[in-house]
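We name chains A, B, ... by the order of the sequence lines, and we start the count at 1 in each one. These figures come from a predicted structure and were not determined experimentally.
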Number of protein chains: 4
Amino acid sequence: MMAHSASHDGPGPGDAPPGSEPGPEATSSGDRSAPASAGDKRARILAAAEEVFARRGFYNARVSEIARAAGVADGTIYLYFKSKDDLLISLFETRMKDVIRELETAVPPDGAAPLRLSAFISAYLRLIRDRPQIAEVLTVELRQSSKFMKEYSNPRFGEFLKLLAGIISEGQSRGELDDEIPAPIAARAIFGVLDELALAWLLGGHNKFDIVRAADWVGAMTLRGLERRNS
Amino acid sequence: MMAHSASHDGPGPGDAPPGSEPGPEATSSGDRSAPASAGDKRARILAAAEEVFARRGFYNARVSEIARAAGVADGTIYLYFKSKDDLLISLFETRMKDVIRELETAVPPDGAAPLRLSAFISAYLRLIRDRPQIAEVLTVELRQSSKFMKEYSNPRFGEFLKLLAGIISEGQSRGELDDEIPAPIAARAIFGVLDELALAWLLGGHNKFDIVRAADWVGAMTLRGLERRNS
Amino acid sequence: MMAHSASHDGPGPGDAPPGSEPGPEATSSGDRSAPASAGDKRARILAAAEEVFARRGFYNARVSEIARAAGVADGTIYLYFKSKDDLLISLFETRMKDVIRELETAVPPDGAAPLRLSAFISAYLRLIRDRPQIAEVLTVELRQSSKFMKEYSNPRFGEFLKLLAGIISEGQSRGELDDEIPAPIAARAIFGVLDELALAWLLGGHNKFDIVRAADWVGAMTLRGLERRNS
Amino acid sequence: MMAHSASHDGPGPGDAPPGSEPGPEATSSGDRSAPASAGDKRARILAAAEEVFARRGFYNARVSEIARAAGVADGTIYLYFKSKDDLLISLFETRMKDVIRELETAVPPDGAAPLRLSAFISAYLRLIRDRPQIAEVLTVELRQSSKFMKEYSNPRFGEFLKLLAGIISEGQSRGELDDEIPAPIAARAIFGVLDELALAWLLGGHNKFDIVRAADWVGAMTLRGLERRNS
DNA sequence: TATGAATGAGCGTTCATTCAT
DNA sequence: GATGAATGAACGCTCATTCAT
């Protein structure tokens, strides 16, 4: 069902796209449907896929819909991606990379663990707020696809967890955090909190609550939950 | 796409099933294909759907596969459920009811909030361990379906959250728990932790870690995270 | 490209068609488009495929066209055949069986080899005349498909050749036929003659020449070509 | 489907090719991808088409595959040929011309008919052995295309048959050959023998039997089949 | 009730052909 | 001329759903 030897990052048609990759498609959500300045086709398709997957879900998304949203012909998608599945996987890869990069930037490299955790949590939820479509893809589709991707195993998500677990285990070894709970479990738990909040916020139409204030609450809660007991 | 006026709980053909819900269908996959004492059809179909959805995912599950697993003809499913979507929704409803019932039983009705929370967490993760297929459905498919069910809004899941939020807000008003964080947010956060652990455990093939020990860790972490600071 | 584990002869839907196989579809070309007396679905599809393949060629034939010609829905074809390829292969099998049966009947089992060869040739070309669509399939599509069927190897055609080679080698060992030429080569050569004549006749619109008179000519020519020299 | 007003022999871009057909392109598959002295483009494309059609069959051959094999861009093919169909037709024309030329050379212009027929048969089968790819095209694809080319009617193949029929009817009028069988039918029959042997040899991987020895057998058989009975 | 053969709309994907460069 | 990225019509096949029995 799933293409396992997908291209994922191959830059384009025949691996030789007409222009150079224009760097991270950071601005990709708001795609100017205008003259299609060319070369950014792959990025435009990814942006369109993000939008359509977010709006309709992977299985209900039509490839032709993505093509229309990207302003390209149906067939063009297959110049850049092996299949619809590959498109999803590639989207994960790209967006996860962005997220990880952003988080690495936002987290002070050598502060105290509680501070760094706080920063991580705030940055993550801010990111969700600012790029809700990324959020949809990461939150809903990632999980969906975890199922049919058991083999694929999603290295990028592993990286993400490692980043978080690294902060925690470092804090533990420095005595800043309680070390009874294994760091990977704690990381997963924290991700669960963030992911669930993101989902609730997304499904609530972005206005049931302020996701950035929520960051403070769950940041505090999490820190207390992990901090060393001074006994 | 989605039937919104689904039957969900209508007990079956002619709305006159010959018995009450026969309790959790246990692990009814290995169903005697012989006489099938009749009347349990609806339950058997739900059990089969649970198994198949869990194994293949909602979208990759074939109605005919569910029919085979249930030992009925394809058409029979449509005597008990309006559509494949309705089957999924009905499955949620049933299983969520079971889960809620089980949790209500497991949580002491009038203990202290921390104790009750602990019990809740342990009971939930134990349930996951004992009925992993429920877990898959709740964990993966629930989220998947959240998408196409925006209107459906899932009352049973609301109940579940309310149960959890109730424990928390009670604890807050009794001064046992910190009351800065809104109880519904806290409930959601806790559910996130549990859900993520469940997912990790399921995808890890049930043996990457001991989910019941994890209950202790995250139970402790959560309690500390929420408990009142003795100012 | 080609389904190698095709059903080929499996009688129908789920290998359990509603009625019993109505024997050889001998009458199948002229299909009454009327109420579709049921049970003969598989035969009707084969007949339709024969007609459409003959008229358009395998690659230009549309599955939907065959379905229309058979008076069934597109999907129905896939209840009886794995794929379009399988449909072609199954058609070969069926028709080849018919042809072989007919030839076995027409050739006197214990006459002299020249007599039997004559009978074979006449019977074959008469068959072509009477069922030109079989002829098209055997003549044009068989060869076409020989290419993508290298592995499939077409056992039924092998049988056909063996029947012919058997007559020849028997004649050779009885001293009725010249035994310098290996019987399998001679069989192939004779088949080539018949096949080419069939093709010419088919492409000529059935009226460029009388294919049954041609049988006499090539029969005589072939016999002389093979008969023992009385030296 | 088929371009009937195809170019077929138009020498190439701008109808001003820098040289006459450079003779048989030999085994030009291994083409130097470097400067490609230009002008032989058309021939190189034909050679590539021959190779690819032979290997994959007309319908399974991809234009892009032919382009790659010819060392040109996909679009370039359309500078020399109107369509994929035209490419096939043009290929026939070219190769058939070669074959006819070669046979005319090999057959002594004024020997006795039996001798000339022998020479024809030997030369044809030798040609098959030496240029199997021509053989594939003539043998498999010619027939395939007979179907979609009913109108095209293939003048070059007519010439081929006429060459053969001419030898026969001359022999008949000179009393060297039996004149009961019409010469065109006899010609077709002989072609059938040759074609079938060629096919068997090709599909047998070129080593099931020695096609040149077979020429002796079927040559003898054919001659006897046609020679005058000394009343 | 129950069946399961039949349906047919719908979709992912391919590939001959075009055309801006 | 030559290129090859882009196009988009076309098609095989799937599968939720129906309905005659």
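When every heavy atom of Lys41(B) is checked against every heavy atom of Val72(B), the shortest pair comes out as CD-CG1, 3.5 Å. Contact between Ala48(B) and Ile66(B) at its shortest, heavy atoms only, is CB-O, 3.5 Å. Between Ala49(B) and Leu91(B), the shortest heavy-atom contact is C-CD2, 4.1 Å.
For Val63(C), the side-chain contact (heavy atoms from CB on, under 4.5 Å) partners two or more places apart in sequence, or in a different chain, are Ile77(C), Tyr78(C), Lys84(C).
With rounding to whole Å, Glu65(A) atom CD is found 15 Å from dT13(E) atom P. For the pair Lys41(A) NZ and dA20(E) P, the interatomic distance rounds to 13 Å; values are reported in whole Å. Atoms CZ (Arg68(A)) and P (dA9(F)) sit 13 Å apart, rounded to a whole Å. If you take CG of Asp74(A) and P of dC11(E), they are 12 Å apart, rounded to a whole angstrom. Between the OH atom of Tyr80(A) and the C1' atom of dT13(E) there is a distance of 18 Å, rounded to whole Å. The interatomic distance linking Ile77(C) (CD1) with dC15(F) (P) rounds to 18 Å, in whole Å. Nucleotide dC15(E) holds its P atom 11 Å from the OH atom of Tyr59(C), rounded to whole Å. Arg44(D) has its CZ atom 14 Å from the C1' atom of dG1(F), to the nearest Å.
Paired runs in DNA chain E that reach 3 or more consecutive Watson-Crick or G-U pairs, where each pair keeps both distances under 3.5 Å, cover E:2-21 with F:2-21.
Listed pair Arg62(A) / dG10(E) fails the phosphate criterion, with no side-chain N or O lying under 4.0 Å from OP1 or OP2. For the OP1/OP2 pair of dT3(E) and a distance below 4.0 Å, the side-chain nitrogens and oxygens of Thr76(B) include at least one atom meeting the criterion.
Distance from the side chain of Lys84(C) is smallest for dC13(F) among the nucleotides dC13(F), dT3(F), dT7(F).
Positionally, the nearest nucleotide of DNA chain F for Gly75(D) lies more toward the 5' end than for the other of Gly75(D) and Ala73(A). Comparing Tyr78(A) and Val72(B) by the nucleotide of DNA chain E whose heavy atom lies nearest to each, the residue mapping closer to the 5' end is Val72(B).
Side chains of Asp85(B) and Phe58(B) form a contact here, defined as non-hydrogen atoms less than 4.5 Å apart. Contact of the Ile89(C) side chain with the Phe81(C) side chain is not registered, since no non-hydrogen atoms from C-beta on lie closer than 4.5 Å.
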Exercise for review: Take Asp86(B) and Ser83(B) through the side-chain contact (heavy atoms from CB on, under 4.5 Å) test and state the conclusion after the steps.
Suggested key: CA-CA 5 Å; Asp86(B) 182 39; Ser83(B) 65; 3.6 Å; yes
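Counting any heavy atom pair closer than 4.0 Å across all strands shown, Ala67(C) reaches no nucleic acid atom.
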